[in-house]
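Chain A is the first sequence line, chain B the second, and so forth, proteins listed ahead of strands; every chain is numbered from 1.
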There are 2 protein chains.
Amino acid sequence: MRSDQLDSLFAALADPTRRALLQRLMVGDASVAQLAEPFQMSQPAISKHLKVLEHAGLVSRSRIATSRYSHLEAAPLKEATEYMERYRRFWATTFDRLDAALAVFQSHEATATDEPTKEQPND
Amino acid sequence: MRSDQLDSLFAALADPTRRALLQRLMVGDASVAQLAEPFQMSQPAISKHLKVLEHAGLVSRSRIATSRYSHLEAAPLKEATEYMERYRRFWATTFDRLDAALAVFQSHEATATDEPTKEQPND
DNA sequence: TCCTTCTATAACTGAATAGTTCTGAAAGCG
DNA sequence: CGCTTTCAGAACTATTCAGTTATAGAAGGA
């Protein structure tokens, strides 16, 4: 996954209104009016949030009559989850990384010869 | 996990510089100068990014002499991964969509600030 | 066609963000 | 003690973002 895709994906998830919209879309596809109904927010504000979600790939949209229905696309969340899983695995399985890090630090060399970068995320 | 915690966590992950800092910290703890070295960015800028990561709970800090070492804390990523796992469940199995959705709704992710607010308890 | 409904866009405001430079504070060292 | 190193904070700028109201456009229904 490209870095700017992670940018827009995490940025999209960083807003509580947008997370609530995703939750709502798990129940099923919905029009803008249906999505806006629970919020004390104007319709254009919801349209903007949907645009952000669409740009992040989390939502796809289609027209039915005059309405536009949003559909949840969870594949990007799979990517993001896998991104974070790499950190989880590192955190769960490594116990002596501080000692190793200090050893590397004291050698005044940034080359990590003891712990190769097999567990590192790519971005 | 509270909603504003997810806000700051996802917002922290939405920046490529901060993700690179996290990746660097997987090699081992590092001082601000060591973290800033690969970037074409001023030292205060890196300090600000570290502050964001610290506020998101992704990094803890300690002093060694005049340096301040950053340490990767992956526990918040575990929380966020579990949050997104609920969407993965939806994405993986199409049959229990409603169950997954109800699980998300009942998980009380939405707090008073981002809970959709009904105006009238009329029905 | 005219009218209604639904949604997007335009234009604007205020707040937050990412970066800069300059300065000051904290902790060792000579 | 004075000096150096390392980092954080202040002050400032430019950009982005989240929201508003007002309006325009797209698609159907009467």
Notebook entry, point to check: Between A/Arg19 and B/Ser3, is there a donor-acceptor pair closer than 3.5 Å when you use the side chain of the first and the backbone of the second?
Noted result: yes
Item checked: Between D/dT6 (C1') and B/Glu37 (CD): distance, integer Å -> 16 Å
Item checked: Nearest-Å distance for atom pair CD/C1', residues B/Glu54 and D/dA8 -> 12 Å
Checklist line | Minimum-distance nucleotide (side-chain atoms of A/Thr17 versus C/dT20, D/dT21, D/dG19) | finding: D/dG19
Note to self: If I take atom CG in residue A/Asp7 and atom C1' in nucleotide D/dC17, what distance separates them, rounded to the nearest angstrom?
What the structure shows: 15 Å
Notebook entry, point to check: If you look at every strand shown and take non-hydrogen atoms under 4.0 Å, does B/Ser67 touch a base, only sugar-phosphate, or nothing?
Noted result: sugar-phosphate
Next item on the list: Would you indicate which nucleotide in C/dA18, D/dT20, D/dA8 comes nearest to any side-chain atom of A/Ser42?
Entry: D/dT20
Next item on the list: Name the residue closer to the 5' end of DNA chain D, choosing between B/Leu50 and A/Arg63 according to the nucleotide with the nearest heavy atom.
Entry: B/Leu50
Checklist line | Side-chain N or O of A/Arg61 closer than 4.0 Å to phosphate OP1/OP2 of C/dT7 | finding: no
Note to self: Of the options C/dT7, D/dA8, C/dA26, whose atoms approach the side-chain atoms of B/Gln43 most closely?
What the structure shows: D/dA8
Check: Expressed in angstrom and rounded to an integer, what is the separation of A/Phe39 atom CZ from D/dG19 atom C1'?
Finding: 14 Å
Notebook entry, point to check: Checking B/Glu37 side chain against B/Gln34 main chain: does a donor-acceptor pair fall under 3.5 Å?
Noted result: no
Check: Atom CG of B/Leu53 and atom C1' of D/dA8: how far apart are they, to the nearest Å?
Finding: 16 Å
Margin query: Heavy-atom nearest nucleotide on DNA chain C for A/Gln34 versus B/Thr66: which residue maps closer to 5'?
Written below: A/Gln34
Note to self: Between B/His49 and C/dG19, is there a contact of a side-chain N or O with OP1 or OP2 at under 4.0 Å?
What the structure shows: yes
Check: CG of B/Leu21 versus P of C/dG19: gap in Å, rounded?
Finding: 10 Å
Note to self: If I take atom CE in residue A/Met41 and atom P in nucleotide D/dC17, what distance separates them, rounded to the nearest angstrom?
What the structure shows: 17 Å
Next item on the list: Would you tell me if any nitrogen or oxygen in the side chain of A/Arg68 comes within less than 4.0 Å of OP1 or OP2 on C/dC6?
Entry: no
Notebook entry, point to check: Base, sugar-phosphate, or nothing for A/Lys48, non-hydrogen atoms under 4.0 angstrom?
Noted result: base
Note to self: Tell me the interatomic distance from B/Lys51, atom NZ, to C/dT17, atom P, rounded to whole angstroms.
What the structure shows: 12 Å
Check: So do the side chains of A/Val52 and A/Arg18 get within less than 4.5 Å of each other, counting heavy atoms only?
Finding: yes
Margin query: Exactly one of A/Glu73, A/Glu54, A/His71 should register a side-chain hydrogen bond (donor to acceptor under 3.5 Å, both in side chains) with A/Ser60. Which one does?
Written below: A/Glu73
Next item on the list: For A/Ala11 and for B/Ile46, find the nucleotide of DNA chain D with the closest heavy atom, then tell me which residue's nucleotide is more 5'.
Entry: B/Ile46
Check: Which pair of heavy atoms, one from B/Ala30 and one from B/Leu25, lies closest together, and at what distance?
Finding: N-CD2, 4.0 Å
